[in-house]
Amino acid sequence: MFAEKAVLTAQVGDAEIARVEEMRQQLPMAALTQDRAFLAANASWLAPYFDMERDSFELVFQTWLLRVGGRTIVIDPCNGNGRERPVLPAFHRLDTPFLEQFEATGVRPEDVDYVFCTHLHCDHCGWNTRLSGGRWVPTFPKARYLFVRREAERWDPARPDHCSVDYNVGVFEDSVRPVIEAGLADLVPDRHPILPGLTIEPAYGHTAGHSLLHLESRGEEAYFTGDAFHHPLQVLRPGLHLEGCDDRAAAIATREYLCRTIAERAALMIPAHFAGPHCGRIVSEGSGFRFEGQG
């Protein structure tokens, strides 16, 4: 069980899910859509996800902590402290109490069995490591870190086919390679079972190897969807898009697939960055879908 003061977000069958928040960032709604009529038509439910006075929305940078089958899994360990991210000032040389908040859940870093990054952008793998004695060392020293091979190869700057992007420079070196060199990394295929009822599945587009985590427990299901969605409006219009994807068309196709699948299976969707309610359900409505926040 998590500690009483943990941010317990959801229970899915026998699985418990808690949330550890690192930071928040405001983005202009125009980065997602400039359709004022569309925003006005959805104003009745958008209040938690759209600051109408500032014409902006909030991205929450948070790690999901899952306990199931006697194991503890960390999903998307945020940005991390002390990183050189000059292209992204909001993430540059952070100094947050993330680890203290993490331990407030009742879980210590050495208690973690698995770490899974849906992808290897800087805000999803930073706390894979921490600075110790001037070097980057694994934060979760007894865990197996699960990297989808396709994704790890996409970001490895040592590969001759590496395609660099300025906002992710240095991430592999400070947040991925130290884990591999410590012998704690498993490079896994696109579809990979971790435990009974817990499987890594493809969700391509945002990055070349972007993946999700599919949880099934006692007839209930949840999908940890990473950055397949950044905002609930993308459930209504999967074509809405934030910049920064490897393959925009594939990202849209992934959203369309997930809307259908999550709705059909009455599953809980647990995205990486939604403001509260941080997760929810996708419900069929007419020829499309809508999002209902929960938790």
Side-chain angles (χ1 to χ4, degrees), residues 2-3 5-12 15-25 58-68 71-83 85 88 90-91 94-130 136 138-148 151 171 174-176 179 184-185 194 198 200 203 206-207 210-215 222-230 268-279 295:
F2 291 112
K5 57 184 175 180
V7 184
L8 184 61
T9 301
Q11 179 115 15
V12 176
E16 287 188 335
I17 300 161
R19 189 180 70 86
V20 183
E21 184 172 317
E22 182 187 49
M23 59 175 286
R24 298 184 174 215
Q25 182 183 32
E58 195 168 54
L59 287 183
V60 179
F61 297 86
Q62 55 205 351
T63 289
W64 296 104
L65 194 54
L66 170 64
R67 279 190 153 175
V68 63
R71 302 296 180 92
T72 301
I73 301 97
V74 167
I75 302 160
D76 282 342
C78 292
N79 285 284
N81 284 347
R83 316 286 154 149
R85 306 284 187 254
L88 299 170
F91 305 154
L94 285 179
D95 184 13
T96 72
F98 177 86
L99 284 182
E100 290 84 351
Q101 294 171 8
F102 184 95
E103 293 194 7
T105 66
V107 178
R108 302 169 302 164
E110 55 266 35
D111 297 331
V112 173
D113 297 293
Y114 296 100
V115 177
F116 171 63
C117 305
T118 57
H119 61 297
L120 296 178
H121 278 165
C122 60
D123 56 313
H124 290 257
C125 63
W127 279 108
N128 282 350
T129 61
R130 58 181 178 82
W136 297 107
T139 302
F140 309 100
K142 297 181 180 179
R144 299 306 303 176
Y145 288 72
L146 306 175
F147 300 135
V148 170
E151 181 70 0
V171 173
D174 61 40
S175 301
V176 180
V179 175
L184 297 181
I194 302 173
L198 189 64
I200 296 169
H206 185 61
T207 62
H210 186 280
S211 305
L212 59 78
L213 195 61
H214 181 198
L215 168 67
Y223 287 81
F224 296 85
T225 57
D227 279 4
F229 299 84
H230 286 95
L268 184 66
M269 184 173 82
I270 307 175
H273 296 299
F274 282 17
H278 304 285
C279 55

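Because the structure is predicted, anything quoted here is derived from the model rather than measured.
- Ring orientation note: the planes of His273 and His124 are nearly perpendicular, at an angle over 60° on the 30°/60° scale.
- No donor-acceptor contact under 3.5 angstrom links the side chains of Asp227 and His121, judged on distance only.
- Shown are Leu94, Thr63, Val20; of these, the side-chain contact (heavy atoms from CB on, under 4.5 Å) with Cys78 is made only by Thr63.
- A donor-acceptor pair under 3.5 Å is formed between the side chain of Glu151 and the backbone N or O of Leu120.
- Among all heavy-atom pairs drawn from Thr225 and Leu212, the shortest one is CA-CB, 4.2 Å.
- Taken from SG in Cys279 to CZ in Phe224, the straight-line distance is 8.5 Å, to the nearest 0.5 Å.
- Rounding to the nearest 0.5 angstrom, the gap separating the CE atom in Met23 from the CZ atom in Phe98 is 12.5 Å.
- For Asp76 against Ala272, the heavy-atom pair with the smallest separation is OD2-CB, 4.3 Å.
- Nearest heavy-atom pair across Val12 and Ala222 is CG2-CB, 4.0 Å.
- Counting heavy atoms from C-beta outward, Arg108 and Lys142 have side chains that stay 4.5 Å or more apart.
- Thr139 places none of its side-chain heavy atoms less than 4.5 Å from the side chain of Val74.
- Centroid-to-centroid, the aromatic rings of Phe91 and Phe61 come within less than 6.0 Å.
- Atom CD1 of Ile73 is separated from atom CG of Leu213 by 7.5 Å, given to the nearest 0.5 angstrom.
- Between Leu66 and Ile75, the closest side-chain pair of non-hydrogen atoms falls below 4.5 Å.
- The minimum heavy-atom distance between Ala143 and Val115, with the atom names listed, is CB-CG2, 4.0 Å.
- One finds the CZ atom of Phe229 at 13.5 Å from the CD1 atom of Ile270 (value rounded to the nearest 0.5 Å).
- The CZ atom of Phe116 lies 6.5 Å from the CD1 atom of Ile194; values are rounded to the nearest 0.5 Å.
- For Asp113, the side chain to side chain contact (heavy atoms under 4.5 Å, CB included) partners are Arg71, Thr72, not counting sequence neighbours.
- The main-chain N or O of Asn128 is found under 3.5 Å from a side-chain atom of Tyr145 such that the two form a donor-acceptor pair.
- Within the 4.5 Å cutoff, side-chain heavy atoms of Val107 are placed close to those of Phe102.
- Within the 4.5 Å cutoff, side-chain heavy atoms of Ser175 are placed close to those of Arg83.
- Checking side-chain atoms of His214 against main-chain N and O of Tyr223 turns up no donor-acceptor pair under 3.5 Å.
- Contact annotation: the side chain of Trp64 approaches that of His278 to within less than 4.5 Å [non-hydrogen atoms, C-beta and beyond].
- When atom types are taken as modelled, the side chain of His206 and the backbone of Ala228 share no donor-acceptor pair closer than 3.5 angstrom.
- Without hydrogens or angle criteria, Trp136 side chain to Val179 main chain gives no donor-acceptor distance under 3.5 Å.
- Put simply, the side chain of Leu65 does not reach to within 4.5 Å of the side chain of Ile17, judged on heavy atoms.
- In this structure the side chain of Arg85 reaches within 4.5 angstrom of the side chain of Cys122, judged on heavy atoms.
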Inset, instruction - Report the C-alpha separation of Leu184 and Arg144 in whole Å, then their side-chain angles, then the decisive distance to 0.1 Å, and conclude whether the side-chain contact (heavy atoms from CB on, under 4.5 Å) test is met. - result: CA-CA 5 Å; Leu184 297 181; Arg144 299 306 303 176; 4.1 Å; yes
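- Side chain of Thr129 to main chain of Asp174: a donor-acceptor pair is present (N/O by atom type, distance under 3.5 Å, no hydrogens or angles).
- A donor-acceptor contact shorter than 3.5 Å is absent between the side chain of Thr96 and the backbone of Glu22.
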